[in-house]
Every structure is written in C-alpha cells, then in structure tokens.
Amino acid sequence: MMLKSLLSVGEVAQRSGVAVSALHFYERKGLIQSLRTGGNQRRYERSVLRRVAVIQAAQSVGLSLEDIGLAMAGLPRDSAPTAEDWERMSQAWRQALDARIDRLIRLRDGLESCIGCGCLSTQTCPLRNPGDRHGRSGGTGSEVLGGPD
Ligand code: FES
C-alpha cells in the first residue's frame, strides 16, 4: 500500500466532520484502525471515511459505541462497509430502537398515573413497581419512598 494514498488524521477529520480527538477515541475503541508511518504518524485507508459515516449515523439514532462496535466487529477491517452491510446493521438497530421506544412509551404511560399523585408506593406506583413485580393483591400500598424494596 502506498502511504501517499492514505489519509492523515487531519484529512479524515476534515472530510468526515469528526474531530481528531473523536477519531482517536474511535480508534482506541477499535472502531477504526490506522497504519503508522516511519515517524509514528497515523495514516488511514480511504475506506475509513465510510466507517466513520456509519459510526456517525448509528450515534445519531442513539446507539452506544459498544453497540456500534459489536455490529462492526464482523466487518472486514480493510474495506468500507458495503450497502448490504449497512442494510443488515440498520435493520438490527431498527429492532433495538423499536424495543427502546416501546420501553419509553411504557415508562411515559406509567408516569401519567404519577402526575399529581406523589404516593411513590412500592406496591401501586408503576414507576416503583414496574410490571407489578411485587404484586398488588397483598400489598397495602403504604410502602412509600424510603421503605424496604
Ligand atoms: S407516585 Fe406513582 S402512582 Fe403515585
């Protein structure tokens, strides 16, 4: 590989719009990789730009770098993610987002019954007893904030 065809970290930052410090962080997390020149400077293959674009897109929908790293772990390190790779990853992320949205909706709906209440009961408050894990049949509803869980 000709070093001249590789990109410096500054060039990657400029073309991707991602800060140099973030690129270093991605590299420490194993999401991207660089080669080193004889002077120990980082150089990146051009395919890194598409990897960074995938990372940015995934982060924009709230995925953690750990989730992104897991999804990208199966990709070849020396080539850009293909459209098929992106299709597969984005489908999986969509399912994860749907599950997160469902959970947030349940939390929001639980909060509705708390507004104006303030009981914070470990038996009847859906935020203190999500999914009714303590069961409501035998409880008095008097186990309030600070009480045993
Ligand atoms: S504070 Fe949640 S139901 Fe009363």
Side-chain angles (χ1 to χ4, degrees), residues 6-36 41-149:
L6 300 175
L7 302 172
S8 70
V9 68
E11 289 171 320
V12 175
Q14 185 182 23
R15 292 185 191 203
S16 67
V18 172
V20 168
S21 59
L23 293 170
H24 290 171
F25 185 68
Y26 292 166
E27 191 167 342
R28 282 198 303 277
K29 292 284 185 182
L31 298 174
I32 61 174
Q33 66 177 5
S34 64
L35 305 169
R36 296 296 177 132
Q41 293 183 322
R42 289 179 169 88
R43 290 292 183 269
Y44 297 88
E45 293 181 27
R46 288 174 188 276
S47 61
V48 78
L49 293 171
R50 194 161 165 87
R51 286 183 79 92
V52 171
V54 167
I55 295 165
Q56 286 183 293
Q59 283 189 297
S60 75
V61 292
L63 292 163
S64 70
L65 287 180
E66 286 69 28
D67 289 337
I68 298 167
L70 284 173
M72 294 181 83
L75 300 177
R77 293 193 149 269
D78 55 353
S79 62
T82 63
E84 290 74 29
D85 293 329
W86 173 248
E87 170 84 13
R88 182 179 46 76
M89 287 188 288
S90 56
Q91 290 271 3
W93 290 338
R94 159 114 200 196
Q95 290 173 7
L97 277 177
D98 284 346
R100 191 179 305 169
I101 288 166
D102 286 346
R103 184 173 160 273
L104 286 172
I105 288 172
R106 282 196 302 277
L107 284 172
R108 183 203 60 195
D109 290 349
L111 184 61
E112 289 283 320
S113 57
C114 297
I115 294 172
C117 175
C119 71
L120 293 169
S121 164
T122 58
Q123 298 297 315
T124 58
C125 175
L127 297 185
R128 300 227 49 225
N129 184 14
D132 196 20
R133 67 176 180 231
H134 297 307
R136 293 182 186 180
S137 56
T140 63
S142 61
E143 298 84 353
V144 296
L145 184 65
D149 271 323

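Counting starts at 1 for both ligands and their atoms, following the listed order. Note that the structure is predicted; figures quoted are calculated from it, not measured.
Between atom 4 (Fe) of ligand 1 and Cys117 there is an N/O/S contact shorter than 2.8 Å. Atom 4 (Fe) of ligand 1 has an N, O or S atom of Cys119 under 2.8 Å away, backbone or side chain.
The atoms of ligand 1 that sit less than 4.0 Å from any heavy atom of Cys125 are 1 (S), 2 (Fe), 3 (S).
For Arg94 and Asp98, the salt-bridge test passes: some basic side-chain N is under 4.0 Å from an acidic carboxylate O.
Residue-environment remark: CD (Gln59) exceeds the threshold of 12 foreign heavy atoms within 6.0 Å.
With Arg43 contributing its side chain and Leu35 its backbone, the two residues share no donor-acceptor pair below 3.5 Å. Here the side chain of Asp85 pairs a donor or acceptor atom with the backbone of Thr82 at under 3.5 angstrom.
Taking a 4.0 Å cut-off on heavy atoms, Leu120 registers as neighbouring ligand 1.
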